[in-house]
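See structure below.
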Amino acid sequence: MNVWLFKTEPSTFGLDDLRAAPGATTSWDGVRNYQARNFLRDRIALGDRGILYHSSCAVPAAVALLEVVRAGYPETPSLPSAPSRRPASAPEPERPVWYAVDVHLLLPFPHPVTRPAMREHPDLIHSRLLQRGNRLSVLPLSAKEAQAILDLADVDPAAIRDATK
DNA sequence: GCCAACGTTGGC
DNA sequence: GCCAACGTTGGC
């Protein structure tokens, strides 16, 4: 089970929007970076966890624990034509370019974990998340990094394993 | 508002 | 294929 960081600008879509969404679940789409796209398409699995991170706002911070409830799927599904009906001369259908996953809000953090707080933690000080110029909107977290963020959020460590109820 | 970092574009 | 210019992201 892997843990992923999902970055979002709360002025566009944040924790409050996810709370208000039907089933506290949303499609994580709109990612337009190939490296992040590859994570969505190839690496993020059903049941993986996510940490929701607010960026480009007054207090950038990790704010919630998520669960992936649907693995990667094309943003705009192309209607697959039955192979037998496709003339041999027709081009192969193109592979979709952009992908989404669905995430569900498991647990809003008791309090946000800010960047200064993360810098105090030995397991986060070298995290890609804290590096300047990091522009990846979806990125993998090591088990240590994920645990450190949950520790700083005062979330029960068991939450990351047992949250599915 | 500033600046660093990175991705994309386009001329050659 | 190189690389400069430009646009975007994102922290501060």
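Residue numbers begin at 1 in each chain, while the letters A, B, ... track the order of the sequences.
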Task: Atom-to-atom span, NE2 of A:His54 to P of C:dG10 - whole angstrom - done: 13 Å
Open item on the list: In this structure, how many angstroms lie between the P atom of C:dG11 and the CD atom of A:Gln131, rounded?
Closed with: 13 Å
Open item on the list: Strictly below 4.0 Å: does A:Tyr53 bring a side-chain N or O up to OP1 or OP2 of C:dG11?
Closed with: yes
TODO: Report the distance from atom CZ of A:Arg132 to atom C1' of C:dT9, rounded to the nearest whole Å.
DONE: 14 Å
Open item on the list: What is the distance, to the nearest angstrom, from the CZ atom on A:Arg115 to the P atom on C:dG11?
Closed with: 5 Å
TODO: Taking only the side-chain heavy atoms of A:Asn33 (C-beta and beyond), determine which of C:dG10, B:dG7, B:dA5 contains the nearest atom.
DONE: B:dG7
Task: Polar side-chain atom of A:Glu75 near backbone of A:Gly30 as donor-acceptor pair, under 3.5 Å - done: yes
TODO: For A:Leu129 and C:dG11, give me the distance from atom CG to atom P, rounded to whole Å.
DONE: 8 Å
Open item on the list: Between C1' on B:dA5 and CG on A:Leu136, what's the gap in Å once rounded to a whole number?
Closed with: 12 Å
TODO: Assess the side chains of A:Glu145 and A:Ser127: does a donor N or O sit below 3.5 Å from an acceptor N or O?
DONE: yes
- [ ] Round to a whole Å and report the spacing from CD of A:Glu9 to C1' of C:dT8.
- [x] 10 Å
- [ ] Indicate yes or no: at least one non-hydrogen side-chain atom of A:Arg41 is less than 4.5 angstrom from one of A:Tyr73.
- [x] no
- [ ] Using whole Å, report how far CZ of A:Phe6 lies from P of C:dG10.
- [x] 15 Å
- [ ] Given side chain to side chain contact (heavy atoms under 4.5 Å, CB included), test A:Trp4 with A:Arg49 step by step and report yes or no.
- [x] CA-CA 6 Å; A:Trp4 305 86; A:Arg49 300 296 190 245; over 6 Å; no
TODO: Counting heavy atoms from C-beta on, name the nucleotide in B:dA4, C:dG11, B:dT8 closest to the side chain of A:Pro60.
DONE: C:dG11
